[in-house]
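Below, each value reflects all heavy atoms present in this structure, side chains not excepted, and no hydrogens, waters or symmetry copies.
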Amino acid sequence: MSANFEERSGIVSCTTPWGCWYQTMEEVFIEVHVPPGTQARDIHCKLGSRDIRLTVQGKDVIKGKLFDSTISDEGTWTLEDRKLIRIILTKSNRNAGNCWTSLLEEEYSADPLVQDQMQKKLTLERFQSENPGFDFSRAELSGNYSKGGPDFSFMEK
């Protein structure tokens, strides 16, 4: 469901010196531009539940404590066209209220406008998962959408 929602609605990414990162309710995606011709043997990537380290050709590109916890066994990285590394992290807390404001605790923060757009997107993704017969990919939100939007769980039977 998430992949189809992303295809229809687009992504909200945070630009960094090495590329960008973006998120869904379930995953965090990291795209790192590397010199053309980079080979897999030039890359060392360690994905822990709370930390990440990416080294390319002996130089640290990303290193630090992640904003929130991930499921380390489900993290993957790929080298695409020998010029782009794509890392996918699976969030431990997979709800719309868990919008990462930065990739690492101390670095790569999204600016306030991007954070706002990310939170709106996660809230719409939550609405889509709760109401699969509707298409929220082009919906507009106003009002309370922080922390995943309003909580209607008290109305459930």
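- A distance-only check finds no donor-acceptor pair linking the side chain of N131 to the backbone of F134 [under 3.5 Å].
- Residues T24 and E26 are in side-chain contact: their nearest non-hydrogen atoms beyond the backbone lie under 4.5 Å apart.
- For the pair S49 (side chain) and S72 (backbone), a donor-acceptor distance under 3.5 Å is absent.
- Rounding to the nearest 0.5 Å places CD1 of I11 at 9.0 Å from CE of M118.
- Every residue was checked against the salt bridge (Lys or Arg N to Asp or Glu O under 4.0 Å) condition with D42, not counting sequence neighbours, and none meets it.
- Between the side chain of T38 and the backbone N or O of V34 there is no donor-acceptor pair closer than 3.5 Å.
- With sequence neighbours excluded, the residues that form a side-chain contact (heavy atoms from CB on, under 4.5 Å) with T101 are F67, Q115.
- Between I30 and I52, some side-chain heavy-atom pair lies under the 4.5 Å cut-off.
- Residues I43 and L54 form a side-chain contact, since some pair of their non-hydrogen atoms from C-beta on lies under 4.5 Å apart.
- Residues P35 and Q57 form a side-chain contact, since some pair of their non-hydrogen atoms from C-beta on lies under 4.5 Å apart.
- Salt-bridge annotation for D68 and K91: absent, with no side-chain N of the basic residue lying under 4.0 Å from a carboxylate O of the acidic one.
- Between L122 atom CG and R126 atom CZ the span is 11.0 Å, to the nearest 0.5 Å.
- For the ring pair (Phe, Tyr, Trp, His ring centres under 6.0 Å) with Y108, the lone residue among W100, Y22, W21, W18 that qualifies is W18.
- A donor-acceptor pair under 3.5 Å links the side-chain atoms of R50 to the main chain of L66, judged by distance alone.
- The side-chain contact (heavy atoms from CB on, under 4.5 Å) check on P112 picks up nothing, with sequence neighbours excluded.
- Inter-residue side-chain proximity for D60 and I62 is flagged as unmet; no heavy-atom pair is nearer than 4.5 Å.
- Interatomic distance, M25 CE to N93 CG, rounded to the nearest 0.5 Å: 9.5 Å.
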Do any side-chain atoms of residues 80-87 form donor-acceptor pairs under 3.5 angstrom with protein atoms, and if so which ones, sequence neighbours left out?
| residue | atom | partner | partner atom | Å |
| --- | --- | --- | --- | --- |
| E80 | OE1 | R86 | NH2 | 3.0 |
| E80 | OE2 | T78 | OG1 | 3.4 |
| E80 | OE2 | R86 | NE | 2.8 |
| R82 | NH2 | G37 | O | 3.1 |
| R86 | NH1 | E31 | OE2 | 2.3 |

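- Within the 3.5 Å criterion, the main-chain N or O of I88 finds no donor-acceptor partner in the side chain of E27.
- Note: the hydrophobic cluster containing V12 also contains L103 (ILVMFWY, side chain heavy atoms under 4.5 Å, direct or indirect links).
- In summary, E125 and K121 do not engage in a salt bridge, as defined by a charged side-chain N under 4.0 Å from a carboxylate O.
- Nearest heavy-atom pair, C99 versus Q119, reported as atom, atom and distance to 0.1 Å: CB-OE1, 3.1 Å.
- In this view, W77 satisfies the ring-ring contact (aromatic ring centres under 6.0 Å, His included) rule with no residue, not counting sequence neighbours.
- Ionic pairing of D51 and K46 is present here: one or more N-O contacts between side-chain nitrogen and carboxylate oxygen are shorter than 4.0 angstrom.
- Between H44 and V56, every side-chain heavy-atom pair lies at or beyond the 4.5 Å cut-off.
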Mind running salt bridge (Lys or Arg N to Asp or Glu O under 4.0 Å) on E74 and R94 for me, showing each step along the way?
CA-CA 14 Å; E74 295 183 15; R94 300 178 197 168; 3.7 Å; yes

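- Counting only distance, with no hydrogens or angles, the side chain of S13 and the backbone of T15 share no donor-acceptor pair below 3.5 Å.
- A continuous path of hydrophobic side-chain contacts links L79 to L47 [ILVMFWY only; heavy atoms under 4.5 Å].
- Separating the OG atom in S109 from the CG atom in L104 is a distance of 9.0 Å, to the nearest 0.5 Å.
- In this structure, the side-chain contact (heavy atoms from CB on, under 4.5 Å) partners of D111, at least two apart in sequence or on a different chain, are L113, V114.
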